[in-house]
Amino acid sequence: MHILGVLLPESYPVKHALTQFYGIGQKTAQRLCARVQIHDRARIRHLNQGQITALTAFLSSPANSPPVAAQPLAPPTFVPPPLGQPVRQVEAEAPPDSLREIKIESDLRRQMRENIAHQRMIGSYVGRRHAMHLPVRGQNTQSNAKTARKLNRVERYN
């Protein structure tokens with residue numbers, strides 16, 4: 001099944017298949033499943049059309065998705081009122097939703113390219129290391145930096 005141009009294997013559990021998206025790891029995939037109300041053990045082939053639509057809509061524009069409804073939890077000392085009295089409603093603030101800020105695929109790649117270009121432009125140590133195709137995070141270069149030279153040669157910063 002294709003969602004937003006990414007092939008998700010039919011036999012995979014949804015929380016593992018979502019990691020096929022660039023920028024979504026295990027934890028974020030689990031939170032996405034909870035947000036769209038998909039069971040932990042559900043597989044891609046068992047999703048109904050409504051769940052697929054909700055998942056696609058959220059991934060295409062997470063900032064425009066409706067906020068999560070805050071359900072206040074009762075404290076351990078809560079005693080329910082007697083049957084004749086109405087239950088008092090408590091207004092609860094919604095916790096900050098970090099999924100609304102998620103960037104995936106081309107947006108995330110563009111942001112990374114811009115960050116590397118910014119580092120190079122301001123002439124920071126990290127930017128110079130990127131420009132020279134050398135390891136950026138303090139790895140040893142005396143004996144082995146072949147992988148970094150190969151990876152930093154890719155045009156990730158134009």
Side-chain angles (χ1 to χ4, degrees), residues 1-74 91-141 144-158:
M1 169 186 308
H2 282 68
I3 294 181
L4 299 177
V6 176
L7 176 65
L8 302 179
E10 298 277 334
S11 61
Y12 277 29
V14 178
K15 66 180 181 179
H16 294 300
L18 287 175
T19 61
Q20 298 291 320
F21 283 97
Y22 184 78
I24 295 182
Q26 293 286 337
K27 196 73 169 174
T28 308
Q30 199 170 14
R31 294 171 81 201
L32 275 170
C33 288
R35 174 73 180 259
V36 187
Q37 297 178 348
I38 297 174
H39 193 271
D40 283 346
R41 296 184 183 172
R43 296 191 180 271
I44 292 290
R45 66 173 165 252
H46 296 135
L47 293 180
N48 62 29
Q49 196 61 38
Q51 291 171 323
I52 295 169
T53 305
L55 190 60
T56 305
F58 185 82
L59 288 174
S60 64
S61 61
N64 297 336
S65 64
V68 178
Q71 299 293 330
L73 297 175
E91 289 292 325
E93 288 186 26
D97 188 12
S98 61
L99 285 179
R100 292 178 71 95
E101 308 298 323
I102 191 173
K103 290 187 179 184
I104 58 171
E105 292 294 324
S106 60
D107 293 335
L108 183 59
R109 287 188 173 103
R110 180 174 46 251
Q111 182 184 17
M112 286 177 55
R113 258 194 328 270
E114 289 171 357
N115 289 345
I116 292 172
H118 174 72
Q119 292 286 342
R120 291 181 71 188
M121 186 185 72
I122 64 174
S124 69
Y125 179 77
V126 172
R128 285 181 298 178
R129 299 293 284 186
H130 272 291
M132 293 187 291
H133 309 297
L134 291 171
V136 175
R137 298 183 179 173
Q139 294 93 332
N140 185 22
T141 58
N144 190 7
K146 290 178 183 150
T147 305
R149 286 193 208 118
K150 182 172 42 176
L151 291 176
N152 285 343
R153 192 167 297 139
V154 177
E155 294 296 323
R156 295 186 291 176
Y157 38 79
N158 285 341

Please lay out, stage by stage, how L7 and Q20 fare under the test side chain to side chain contact (heavy atoms under 4.5 Å, CB included). CA-CA 8 Å; L7 176 65; Q20 298 291 320; over 6 Å; no
Show, in sequence, the C-alpha distance, side-chain angles and deciding distance for E105 and V6, and conclude whether the side chain to side chain contact (heavy atoms under 4.5 Å, CB included) test is met. CA-CA 9 Å; E105 292 294 324; V6 176; 3.7 Å; yes
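A donor-acceptor pair under 3.5 Å is formed between the side chain of Q51 and the backbone N or O of N48. When atom types are taken as modelled, the side chain of T56 and the backbone of I52 share a donor-acceptor pair closer than 3.5 angstrom. Looking only at distances, no side-chain donor or acceptor of E10 sits under 3.5 Å from a matching main-chain atom of I44. Counting only distance, with no hydrogens or angles, the side chain of R100 and the backbone of A63 share a donor-acceptor pair below 3.5 Å.
Side-chain contact between M121 and H118 is present, with heavy atoms from C-beta onward closer than 4.5 Å. Two residues are said to be in side-chain contact when any heavy atoms from C-beta on lie closer than 4.5 Å; V36 and V14 fail this criterion. Side-chain contact check for V136 versus H130: some heavy-atom pair is nearer than 4.5 Å. Side-chain contact between P9 and H16 is absent, with no heavy-atom pair separated by less than 4.5 Å. R129 is listed as a side-chain neighbour of P135, based on a closest heavy-atom distance under 4.5 Å. Inter-residue side-chain proximity for L32 and L59 is flagged as met; some heavy-atom pair is nearer than 4.5 Å. Side chains of I102 and I24 form a contact here, defined as non-hydrogen atoms less than 4.5 Å apart. With contacts defined as side-chain heavy-atom distances shorter than 4.5 Å, the pair E114/R110 qualifies.
Of all the heavy atoms in R120 and G127, the pair that sits closest is CG-O, 3.4 Å. Across Q49 and T53, no two heavy atoms sit closer than the pair O-OG1, 2.8 Å. For S60 against A57, the heavy-atom pair with the smallest separation is OG-O, 3.0 Å. Across every non-hydrogen atom of L18 and C33, the tightest pair is CD1-SG, 4.0 Å.
Here the OG atom belonging to S11 is positioned 10.5 Å from the NE2 atom belonging to H46, to the nearest 0.5 angstrom. Note that CD1 of I116 and CD of Q119 are 9.0 Å apart. Values are rounded to the nearest 0.5 Å. One finds the NZ atom of K15 at 4.5 Å from the CG atom of D40 (value rounded to the nearest 0.5 Å). Going from atom CG of L99 over to atom OG of S65 covers 8.5 Å, rounded to the nearest 0.5 Å. Rounded to the nearest 0.5 angstrom, L8 CG and L55 CG are separated by 8.0 Å.
Cation-pi geometry between R35 and F58 is not satisfied (NZ or CZ under 6.0 Å from the ring centre, within 45° of the ring normal).
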